Amino acid sequence: MNIMQQMQEALKSQIEDAVVKADLATKEELPAIILEQPKDKAHGDYATNIAMQLARIAKKAPRKIAEDILANFDGEKASVTKAEIAGPGFINFFLNNTYLSDLIPTILEQGKDYGNSTIGKNEKIQVEFVSANPTGDLHLGHARGASVGDSLCNVLQKAGYDVAREYYINDAGNQIVNLAKSVQARYMQALGKEMDMPEDGYQGADIIALGEKLAKEHGDKLLEESEEKQLSYFRDYGLKYELDKLATDLKAFRVSFDHWFSETSLYEDKRIEPALDVLKEKGYIFEEDGATWFRSTDFGDDKNRVLIKNDSTYTYLTPDIAYHKNKLDRGFNKLINIWGADHHGYIPRMRAAIQALGYDADTLEVEIIQMVNLFENGEKIKMSKRTGKAVTLRELMEEVGIDAIRYFFVMRSCDSHLDFDMNLAKSESNDNPVYYVQYAHARICTMLKQAADKGIDFKDFDASLLTSEKAETLLKKLGEFTQVVGDAAMNRTPHRITNYVFDLASLLHSFYNAEKVLDPENVEGTKARLALMDAVRITIANALDLIGVEAPESM
RNA sequence: GUCCCAGUAGCUCAGCAGGAUAGAGCAACAGCCUUCUAAGCUGUGGGUCGCAGGUUCGAAUCCUGCCUGGGACGCCA
């Protein structure tokens, strides 16, 4: 538990004691004490609404209750210097802020670990994200999913969850047959022979390049093989090529996975039948119109779903159920899937399957990532999957840079559609939030370097010298970091990290402009400020690390 | 028709378990570089929180209905 949490817990327990002592409520009746940090400084460091909450239980006016609480409140035990009743019945607490001076040594000592907590209680949680079909390049939607997924995993880990990152490879089924046919057509075309693309073929430039590559390497030799052998070759070759490309691009994008799970392996390891058997035993399976169905409506889905088509092949859902069963068999007690908005309709049936397998519905959480619109020069860039004319992640990385993409994609709540402004992301100006934050970090590094060059050692700093309002605001913000990470983890909202780090950078810039850090006239003050700067540097770097953005030492 | 997401300042969006006068960036306007990076700072103006009800001490936040925009509703994946 960090200093801020200790402070809050101490305060809460004093409030609880006071309520019980004042005979307003018993310990059992008492609701959880809520402490909030008022926006207005005149309202103190913390405020509680407990008096209003107790109005019904104690049958008294909130302000009267607040008075009774304060009459029985021992402020000294919680570092409270002043407590006031305000508004409809808030109690505002003003704290002795010396506790803040303990914060800097903690941050400096913890370094990269500052912000870590144990609220995840080591819970085994699996996050499946991206899982783009190996049939083309990653586009913007995947990139957002990758950014959010990776950042969420980082946040969860920092908050003490035991996280496994997984990519589900859809390397079985129709789309792979299509891939093989598409590669074949592109290969033929590269040889100068007439061949139409299959109807649902993959039109991407990557497949054209692949066809040319094959033509170059093999000439027309591949045509000597049987059609079946050719397609099998194109399938394997295309799959490997696409998967390598996905892995390379994602790695470049600073996203890695603990496990790449192959759909085909479900067939090879005979995992699909046993999963179906479980549903069958429990009576959720029935036959109709020559097909095998899952009665997902038993669990709130709006219609039942086919598992085995009347041509005796599986639907997409069937191996996916086996896959999720496998995840659960591996001992994860929480599964998070990150899907694009176009898959949201798939949630009820998957959740039904989880329940049919004997688990709670909320074992599976699905985070839906809304769509991305790309804007350049104020105009929306149209994307078309059919013609393959979508902007790829690779192109975007080359044009915009990884830091800006990662930051922009995680900056907004997943629920919101995201307008990605190319001009803004590319601009090296203060309009660009990424540069704004990185600049704050670089500024600090410059000061620390200059101090080091001058031989200033601030190890023996005295934090009590940091009395200015701007320094104090900065300190309080630093103290919030652990809580912010914990909230982002529990609510699955990595965008809070960008909000936080932006605010922190803003406070740093403000402080920087108001106070001279390196002051030859005041050695002790300089040391204290340098220590504060180092703590800010560490916190910014840790926050940026969570969202996969670099923290440069100079710009 | 059913379901999901969104609707907050001119624009893009925050707003944490309901809390005090609704915030930030951009844009507009006015200032700050003989001083640690002006990729920065300071200040001003700008809002019926889509609409209508309800829940309560209190609603941008929760519930219901409606309106608008986007998406999903396959024996596709």
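We name chains A, B, ... by the order of the sequence lines, and we start the count at 1 in each one. These figures come from a predicted structure and were not determined experimentally.
- Considering only side-chain atoms of A/Glu36, the nucleotide from B/A20, B/C73, B/A27 that sits closest is B/A20.
- A search for salt bridge (charged side-chain N to carboxylate O under 4.0 Å, His left out) contacts involving A/Lys327 returns A/Glu128, not counting sequence neighbours.
- Looking at A/Ser510 and A/Lys470, their side chains do bring a donor and an acceptor atom within 3.5 Å of each other.
- Nucleic acid contact class of A/Glu515 (heavy atoms, under 4.0 Å, all strands): base.
- Side-chain atoms of A/Asp311 and A/Thr313 form a donor-acceptor pair, as typed in the model, at a separation below 3.5 Å.
- Among the protein residues, A/Asn499 comes within range of the sugar-phosphate backbone only, with heavy atoms under 4.0 Å from sugar or phosphate atoms but none that close to a base.
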Return a table of donor-acceptor pairs under 3.5 angstrom between the side chains of residues 173-183 of chain A and protein atoms on other chains or two or more places apart.
residue  : atom : partner  : partner atom : Å
A/Gln175 : NE2  : A/Asn170 : O            : 2.9
A/Gln175 : NE2  : A/Ala172 : O            : 3.3
A/Ser182 : OG   : A/Asn178 : O            : 2.7
A/Ser182 : OG   : A/Tyr202 : N            : 3.0

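- No side-chain donor-acceptor contact under 3.5 Å links A/Asp137 and A/His142.
- For the P atom pair drawn from B/U48 and B/A22, the interatomic distance equals 12 Å after rounding to whole Å.
- A sub-4.0 Å separation between OP1 or OP2 of B/C76 and a side-chain N or O of A/Lys309 is present.
- By the side-chain hydrogen bond (donor to acceptor under 3.5 Å, both in side chains) test, A/Lys516 pairs with no residue at all, sequence neighbours left out.
- Looking at A/Arg412 and A/His417, their side chains never bring a donor and an acceptor atom within 3.5 Å of each other.
- Closest approach to the A/Ser510 side chain among B/G19, B/C41, B/G15 is made by B/C41 (side chain taken as heavy atoms from C-beta onward).
- Residue contacts shown for A/Asp519 are absent, as no nucleic acid heavy atom lies under 4.0 Å away.
- Looking at the side chain of A/Val306, the nearest of the listed nucleotides B/C75, B/C16, B/G19 is B/C75.
- Secondary-structure stems of RNA chain B, taken as three or more successive Watson-Crick or G-U wobble pairs (i with j, i+1 with j-1) under a 3.5 Å distance threshold, comprise B:1-7 with B:67-73, B:10-13 with B:23-26, B:28-32 with B:40-44, B:50-54 with B:62-66.
- Residues of residues 311-327 of chain A that place a heavy atom closer than 4.0 Å to RNA chain B, in numerical order, are A/Thr315, A/Tyr316.
- In this structure, A/His509 reaches the sugar-phosphate backbone alone: every heavy-atom distance under 4.0 Å involves primed, P, OP1 or OP2 atoms, never a base.
- Side-chain atoms of A/Tyr500 and A/Gln483 include no donor-acceptor pair closer than 3.5 Å.
- One atom, NZ of A/Lys380, and another, C1' of B/C11, lie 16 Å apart when rounded to the nearest Å.
- Among the atoms of the strands shown, base atoms are found under 4.0 Å from some heavy atom of A/Ala442.
- In this structure, the OH atom of A/Tyr407 is 15 Å from the P atom of B/C13, given to the nearest Å.
- Among the nucleotides B/A20, B/C36, B/A77, the one closest to the side chain of A/His343 is B/A77.
- In this entry the base of B/C26 is anti relative to its sugar, with a glycosidic angle more than 90° from 0.
- At a cut-off of 3.5 Å, with distance as the only test, a side-chain donor of A/Asp320 or A/Tyr346 sits close to an acceptor on the other residue.
- Remark: ring of A/Tyr436 not stacked against base of B/A39; the cut-offs of centroid gap under 5.5 Å and plane tilt under 30° are not jointly satisfied.
- Using a 4.0 Å heavy-atom distance criterion, A/Ala55 is classed as making no nucleic acid contact.
- Set against B/C16, B/A38, B/C41, the side chain of A/Arg443 has B/A38 as its closest nucleotide.
- The side chain of A/Arg412 lies closest to B/U12, out of B/C75, B/G71, B/U12.
- Rounding to the nearest 0.5 Å places CZ of A/Arg305 at 9.0 Å from CH2 of A/Trp293.
- Ring stacking is absent between A/His417 and B/A6, as the pair misses the limits of under 5.5 Å between centres and under 30 degrees between planes.
- Nucleotides B/U8 and B/C3, compared at atom P, are 24 Å apart to the nearest Å.
- Of the residues in residues 168-181 of chain A, those with a non-hydrogen atom less than 4.0 angstrom from any atom of RNA chain B are A/Asn174, A/Gln175.
- Set against B/C75, B/C73, B/U12, the side chain of A/Ala291 has B/C75 as its closest nucleotide.
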